[in-house]
Amino acid sequence: MAESICRLLRDGALEGEHAPALTIKDSIASPFGFHVFAHVLSQLSSFILAGKSQSRGLVVVCFSRSPSFYLELLKNKGIDVVSSDKRIQTLDCYSDPLGWKSRLTETGNFMACSHETSISRTTNVFKDVKHMDKLYNSIVELGKGLVGGGKIRFSVAIDSVDEMLRHASMSSVSGLLSKLRSHDQVSSIFWLLHSDLHEAKVTAVLEYLSSMVAGLEPLHQPANGQRGDMENFSLIEHNLKKGKFHVRFKRRNGRVRVMVQFSLQLSEKERIDKANVVLPFEHQGNGKPIQIYDGRRSLADSKHERPVGATETVQTSEDSGRGEIIYYRDSDDEMPDSDEDPDDDLDI
Amino acid sequence: MNQRSSNLLDEALGLDQTIEPWPLRGRAVVIEDRVETSGSFVLHHLLKRSLSPNSSNVSIFIAFAQPFSHYDRILRKLGCNLVLQRDNSRFFFFDMLMLQCPGGHEGITPEGGLIALYGKIHKTILALPEVSRKNVSIIIDDLSLMEVAVNGSSDYVLDFLHYCRTLTSEFDCSLITLNHEDIYSSADRPTFLLQMEYLADILIKAEPLATGLATDVHGQLTVLSKSMNYGQESSRNNTSNFHFKVKENIVECFYPGSRG
């Protein structure tokens, strides 16, 4: 499911339509939202740097973690932001979001250390997070600085909408997100939200703005009235290792597609077992003919004909010209049991 | 037994092995307690560990709850001389008991008071020798009283904590705070409490037993340690739970049912 999300962000916006927008939401009972955010960030970054995405640049708006954290995160994923041509920039709303350091410097009560004065090629410090208009302008300016003007697009990642909501009103934050979505140079946008920090209507507003909502929930709900219970501790411990991941996609035709996955992480055995599963149309068979009913003829008719085969091993020179089903994966990025819907681009 | 009992908490926090470099560097530790189970002993224990003779760690203690003499008396019972540490510039005590930030008082606003406090912490760290700058623990006792000091504005407290958090990134400081869970948990939406839990890299909860009061057990500690390796295969959160008993000079920690 995470791959589906990343592909949609990678493919970006269609002409005349808003950019795809993803809300990643979690709660303290299942605090895996940042893991998902980090995964999507690294995937989209690698797509951008490989030239496989619609967007040609990425602006990471950093509220909850420092820009250097994200550079390190991407570096650990094999994405060297510094040495690659400038495709990724960070807008630093973390180091001095309210301008305290500037105010202290003015009164002579602050001296920046060498770490703070070093100017990174990949980050820009923003000191006025209470003003969403200024923040919007800074994001767009940074994005245009990456990709230039014209029709080339960039993507935006915001690591904490919660911090934005702490400093500005719901209407101004939703206004910023809406303007970014509708900007003709924004290819895709995604953000992280801790749903239990806000009223339900705030979460609802952000979900309405999104074309995808990825939610993380605990597998087991601990009973609030039983704090301090050992059984409750076991549930908490279990929930900190596994969770329920569900994604809601809003299709262009107005329909909604929901996918649910249990367990965010596979054990080694589970991974091996999964890799050993042979899927239909990738079946090599055991040398015997494989009979597959394709729905166009009656079964009775098909009995008198040579069954269609779907593998290289059953294909011979005698079989050339007969019906075969050969399955090719869309890309090397696609996992064997990819959940991509091949009819997803239909607009009926 | 004493050696073993302190190690359960130390084990959970990674303090049972070497403490140089300080295992909690770069991490935010939030201690949550309740009226029935004070978590102050955890704060004292971490202060004592950070001032261990085997480390070069420096502690900056922001005190809203008690005067210096209180902590000095407690830490002496634990075998740590705060006066000596203060004289050796390993312990800096910021007495905030008299901090008052009424609006408009001599131009000091609630926010202004915390801005000045942040500036003072930053200046103290910068003044340290290079070798000590990477081993600083900022300890705050406690957040609910800080909120009182700024006229009840939890937003200012969160802003201040954010700036303290930036110090963990800039200088690899550890940030250790104490918060009273039952003050905030009764609210319809305990936002401040949740904000702190999201901020924490390590969350330590001191709670009463579900079975009620006991003479041999004073409560239980739950330590939730979040993984710092996002997106890595080894990314795992760690949890541990054990009981504790607070004695005159030491706190005993033990697994449930292990006390005869």
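Reckoned from all heavy atoms, side chains included, excluding hydrogens, waters and symmetry mates. Chain letters run A, B, ... following the sequence lines, proteins first, then strands; residues in each count from 1. Just so we're clear, the structure is a prediction, and the values are computed from it rather than from any experiment.
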Check each atom of A:Asp162 against the heavy atoms of chain B and say whether the ones under 4.5 Å are side chain, backbone, both or neither.
neither
Can you list the residues that meet the side-chain hydrogen bond (donor to acceptor under 3.5 Å, both in side chains) rule with B:Ser132, with sequence neighbours excluded?
none
Would you say the side chains of A:Asp159 and A:Tyr94 form a donor-acceptor pair under 3.5 Å?
no
Which of the residues B:His162, B:Lys123, B:Lys120 is involved in the greatest number of heavy-atom pairs with chain A at under 4.5 angstrom?
B:His162
Residue B:Tyr198 versus chain A: region with a heavy atom under 4.5 Å:
both
Donor-acceptor contact present, side-chain B:Asp142 to main-chain B:Ser144, <3.5 Å
yes
Between A:Ser95, A:Ser27, A:Pro97, A:Ser66, which shows the greatest number of heavy-atom pairs under 4.5 Å with chain B?
A:Pro97
Toward chain B, the part of A:Leu104 with a non-hydrogen atom under 4.5 Å
side chain
Could you check, using the six-membered ring where one of them is a Trp, whether B:Phe244 and B:Phe41 have ring centers closer than 6.0 angstrom?
yes
One pair to check against side chain to side chain donor-acceptor pair (under 3.5 Å): B:Thr191 and B:Tyr184. What are the steps and the verdict?
CA-CA 8 Å; B:Thr191 307; B:Tyr184 303 99; over 6 Å; no
Given that the side chain runs from C-beta out, which part of B:Ile125 has a heavy atom under 4.5 Å from chain A: side chain, backbone, both or neither?
neither
